[in-house]
There are 2 protein chains.
Amino acid sequence: MRTTYATKPREQVSAVLRREKRYLSAAEIHAILRKSRTNVSLSTVYRTLDLLAGKGEASARVDERGETTFVVCDQSHHHHAVCNTCGKVEDVSCEAIETVAHALRSHHGFKLADHEMEFFGTCGACR
Amino acid sequence: MRTTYATKPREQVSAVLRREKRYLSAAEIHAILRKSRTNVSLSTVYRTLDLLAGKGEASARVDERGETTFVVCDQSHHHHAVCNTCGKVEDVSCEAIETVAHALRSHHGFKLADHEMEFFGTCGACR
DNA sequence: CCCTAATTTGCGAATGATTTGCAAAATCAT
DNA sequence: ATGATTTTGCAAATCATTCGCAAATTAGGG
């Protein structure tokens with residue numbers, strides 16, 4: 001049978017994401033772990049990130065440099081508000097999207113199945 | 001002085017994007033050109049895509065496989081509705097986003113600076 | 001047109017992030 | 001503890017993208 005083990009390396013990678021609450025690449029996570037004398041191989045960081053993304057516990061995006069980055073987030077459907085100053089990511093629900101979905105159907109004859117949104121700006125703490 | 005030349009290879013790459021109206025990777029464009037016996041090197045396809053994206057004539061996204069893909073689009077700020085069936089991309093303006101911007105500020109104390117949105121569904125032609 | 005200066009192209013080699021194969025180490029249920 | 005199963009770490013392999021540089025193309029004045 002295929003079970004998933006709760007291992008120390010996985011918990012350590014996951015802990016970094018929960019603590020930082022901002023988009024991080026595999027290399028960045030690896031570096032952060034190293035700094036705290038925690039040895040987890042880069043491969044394992046990659047594998048753990050894929051796992052978390054697969055379970056929906058983390059979501060991914062590709063940054064300007066082309067690196068894939070991850071944040072922990074709600075399992076339910078929602079969107080992200082990313083602070084341009086501190087990088088912190090807040091979850092945002094999406095009732096307002098109903099309005100947009102309706103407009104898409106009536107103006108474009110387009111039937112909405114799914115959507116992705118990301119907001120950039122300044123968070124409450126940084127203002 | 002720094003001028004930009006209007007060359008045959010650039011026009012050919014750009015023509016493929018205008019004709020297809022869907023997200024294509026450098027490799028796909030290169031393959032399409034080959035099929036019509038048009039020889040443009042893969043490097044030039046990459047360089048031309050960067051150029052178009054820089055001028056705002058094309059916009060980029062990274063697909064599931066990790067390849068960067070491009071479509072031609074409006075220069076003005078707008079969003080994309082991508083058909084799950086034929087892949088065609090339609091431009092969508094974004095007045096409705098004002099509602100969301102207001103909600104962000106009042107519920108999250110988040111000041112919106114920019115946003116990105118992408119819609120997936122079925123286009124009028126495919127329904 | 002023809003010429004020259006400036007920009008592009010194409011090639012192959014270099015890069016850099018991500019993945020993969022495999023033996024050794026860790027985890028889980030008994 | 002014990003054995004079956006999953007995971008880890010490492011180094012090597014992938015694969016998209018970038019770069020260097022000589023040869024080819026373009027722009028524009030004469």
Side-chain angles (χ1 to χ4, degrees), chain A residues 1-18 20 22-55 57-72 87, chain B residues 1-18 20 22-55 57-72 87:
Chain A
M1 194 236 285
R2 163 145 294 276
T3 45
T4 304
Y5 289 4
T7 69
K8 199 171 3 170
R10 283 178 181 165
E11 166 54 23
Q12 288 161 329
V13 169
S14 165
V16 170
L17 284 175
R18 287 196 307 272
E20 300 282 338
R22 59 196 174 92
Y23 279 104
L24 293 171
S25 69
E28 287 172 319
I29 294 172
H30 187 241
I32 289 173
L33 287 172
R34 271 194 152 185
K35 209 165 291 174
S36 57
R37 296 194 233 73
T38 308
N39 287 323
V40 175
S41 77
L42 185 54
S43 306
T44 295
V45 175
Y46 272 109
R47 286 186 281 228
T48 302
L49 290 174
D50 285 348
L51 205 66
L52 292 174
K55 291 199 287 178
E57 292 179 20
S59 84
R61 69 187 294 260
V62 178
D63 70 13
E64 321 67 55
R65 295 200 206 72
E67 285 186 317
T68 304
T69 58
F70 298 79
V71 258
V72 284
Chain B
M1 195 237 283
R2 163 144 293 277
T3 45
T4 304
Y5 288 6
T7 70
K8 198 172 2 171
R10 282 178 183 166
E11 166 54 24
Q12 289 162 328
V13 169
S14 166
V16 170
L17 284 175
R18 287 195 307 269
E20 301 282 339
R22 59 195 174 92
Y23 279 105
L24 293 170
S25 69
E28 288 172 319
I29 294 171
H30 186 242
I32 289 174
L33 288 172
R34 271 193 155 185
K35 209 165 292 175
S36 57
R37 296 194 234 72
T38 307
N39 287 323
V40 175
S41 76
L42 185 54
S43 305
T44 296
V45 175
Y46 272 109
R47 286 184 284 226
T48 302
L49 290 173
D50 285 349
L51 205 65
L52 292 174
K55 290 199 289 180
E57 292 179 18
S59 84
R61 68 187 295 261
V62 178
D63 71 12
E64 322 67 54
R65 297 199 205 72
E67 285 185 318
T68 305
T69 58
F70 298 79
V71 261
V72 283

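Lettering follows sequence order; numbering is per chain, from 1.
- Rounded to whole Å, the distance from CG on B:L51 to C1' on C:dT7 is 12 Å.
- In this structure, CD of A:E11 is placed 12 Å from P of C:dT27, rounded to the nearest angstrom.
- Among the protein residues, B:T7 comes within range of the sugar-phosphate backbone only, with heavy atoms under 4.0 Å from sugar or phosphate atoms but none that close to a base.
- When the nearest nucleotides of DNA chain D are assigned to B:T4 and B:R65 by heavy-atom distance, the more 5′-ward of the two goes with B:R65.
- Between A:L33 and A:N39, the closest side-chain pair of non-hydrogen atoms is not below 4.5 Å.
- Residue B:Y5 places no side-chain atom within donor-acceptor reach of the base of D:dT25, judged by atom type and a 3.5 Å distance cut-off alone.
- Not a single donor-acceptor pair, N or O on each side, falls under 3.5 Å between the base of D:dT17 and the side chain of B:T68.
- In this structure D:dA24 sits in a base pair with C:dT7, meeting the Watson-Crick or G-U test at under 3.5 Å.
- Within the 4.0 Å cut-off from OP1 or OP2 of C:dT19, not a single side-chain nitrogen or oxygen of A:Y46 is found.
- One can place CD of B:E67 at 5 Å from P of D:dA16, the figure rounded to the nearest angstrom.
- If you take CG of A:D63 and C1' of C:dA17, they are 11 Å apart, rounded to a whole angstrom.
- Between A:L42 and A:R47, the residue anchored nearer the 5' end of DNA chain C, judged by the nucleotide with its closest heavy atom, is A:L42.
- Distance, A:H30 NE2 to D:dT8 P: 13 Å, rounded to whole Å.
- Using a 4.0 Å heavy-atom distance criterion, A:S25 is classed as making no nucleic acid contact.
- Between A:N39 atom CG and C:dA26 atom P there is a gap of 13 Å when expressed in whole angstrom units.
- A donor and an acceptor atom never sit less than 3.5 Å apart when one is taken from the side chain of A:T3 and the other from the base of C:dC28.
- Considering all non-hydrogen atoms of both residues, B:A60 and B:Y23 come closest at C-CE2, 4.4 Å.
- Residue-level contact check: B:A6 touches the backbone only, with heavy atoms under 4.0 Å from sugar-phosphate atoms and none from bases.
- In this structure, B:D50 CG and B:T68 OG1 are separated by 9.0 Å, a value rounded to the nearest 0.5 Å.
- Under 4.0 angstrom from either OP1 or OP2 of D:dG9 there lies at least one side-chain N or O belonging to A:T44.
- Between B:R18 and B:S14, the side chains place a donor N or O and an acceptor N or O closer than 3.5 Å (distance only, hydrogens not considered).
- For the pair A:E64 CD and C:dA17 P, the interatomic distance rounds to 14 Å; values are reported in whole Å.
- Note that B:R10 lies outside the cation-pi zone of B:Y5, set by a 6.0 Å cut-off to the ring centre and a 45° limit from the axis.
- Residue A:D50 is classed as a sugar-phosphate contact, given heavy-atom separations below 4.0 Å to backbone atoms only.
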